[in-house]
Amino acid sequence: MDEASKEFLLQSVPGITKEDIEILAPYTTVRKFKSGETYIKSGENNRKVYFIKSGIVRVYHLEDSGTEKTILFHNKKSFFGNYDGIIYNQPSRYFYQSIGETELFELTYDAVHLASQKSLTINNLRANMFLAMIGILLQNIEDFVLLNPEERYQKHLEENAKVLQKVPSKYIASLLGITPVSLSRIKKRLFKGN
């Protein structure tokens, strides 16, 4: 890992130290993906952890009918990984795909686990990473139970307007659990006064 990448991590990951980065550096690879490229596929036993340097990651499920169901998006300066592989040591049920060109820091969960035994900061970071991933999933579940599609879209706009501008409408509609036509109607209602 080059010095610019180390500096980026130092500035972007809360609480991480130069010493922690040096512990993780031998296990860390910087990977670049083209728009639409899939780097974790359903059925793969991927136990890697990623930190997004730039770009957006879409997590989706492919139904037997061929329909893609978007589960969530991860964007710049966030951690993600194959939940099934990391937590249950099982193959992924989901696909992980880049939206636009995406640059990621990649390392195995086993390397993070070993590093966490050498550094209290990395151990805390590992715990916080899990809490953040679980928090995102719980928030999505709550939103689906408590909010209608228009309210969910408004919430995503408030929290991630810049991300939504870069994501095709069909993926946003899938995330909201509606059709692209329904999303278009919601947009017209919301932006009618503007």
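Index from 1, following the sequence.
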Engineer: Assess whether atom CZ of F130 is packed by more than 12 heavy atoms of other residues, nucleotides or ligands within 6.0 Å.
Structural biologist: yes
Engineer: Tell me which one of L104, I86, N75, L72 satisfies side-chain contact (heavy atoms from CB on, under 4.5 Å) with F80.
Structural biologist: L104
Engineer: To the nearest 0.5 angstrom, please state how far the NZ atom of K48 sits from the CZ atom of R31.
Structural biologist: 6.0 Å
Engineer: Might you confirm whether atom NZ of K155 has over 12 heavy atoms from other residues, nucleotides or ligands at distances under 6.0 Å?
Structural biologist: yes
Engineer: Atom CG in D20, atom NZ in K6: separation rounded to 0.5 Å?
Structural biologist: 12.5 Å
Engineer: Supply the members, apart from Y60, of the Ile/Leu/Val/Met/Phe/Trp/Tyr cluster built from side-chain contacts under 4.5 Å; use none for a lone residue.
Structural biologist: L62, F95
Engineer: Testing the basics here: between Y171 and V167, what is the closest heavy-atom pair and its distance to 0.1 Å?
Structural biologist: CB-CG1, 3.7 Å
Engineer: Just verifying a value: how many Å separate I16 CD1 and I122 CD1, rounded to the nearest 0.5 Å?
Structural biologist: 6.0 Å
Engineer: Which of parallel (below 30°), tilted (30 to 60°) and perpendicular (above 60°) describes Y83 and Y96?
Structural biologist: tilted
Engineer: Going by atom types alone, do E7 and Q11 pair a side-chain donor with an acceptor below 3.5 Å?
Structural biologist: yes
Engineer: Could you give the distance from NZ (K77) to CD1 (I52), rounded to the nearest 0.5 Å?
Structural biologist: 12.5 Å
Engineer: Go through the steps for R152 and D143 under the test salt bridge (charged side-chain N to carboxylate O under 4.0 Å, His left out), then give the verdict.
Structural biologist: CA-CA 6 Å; R152 288 196 302 272; D143 289 351; over 6 Å; no
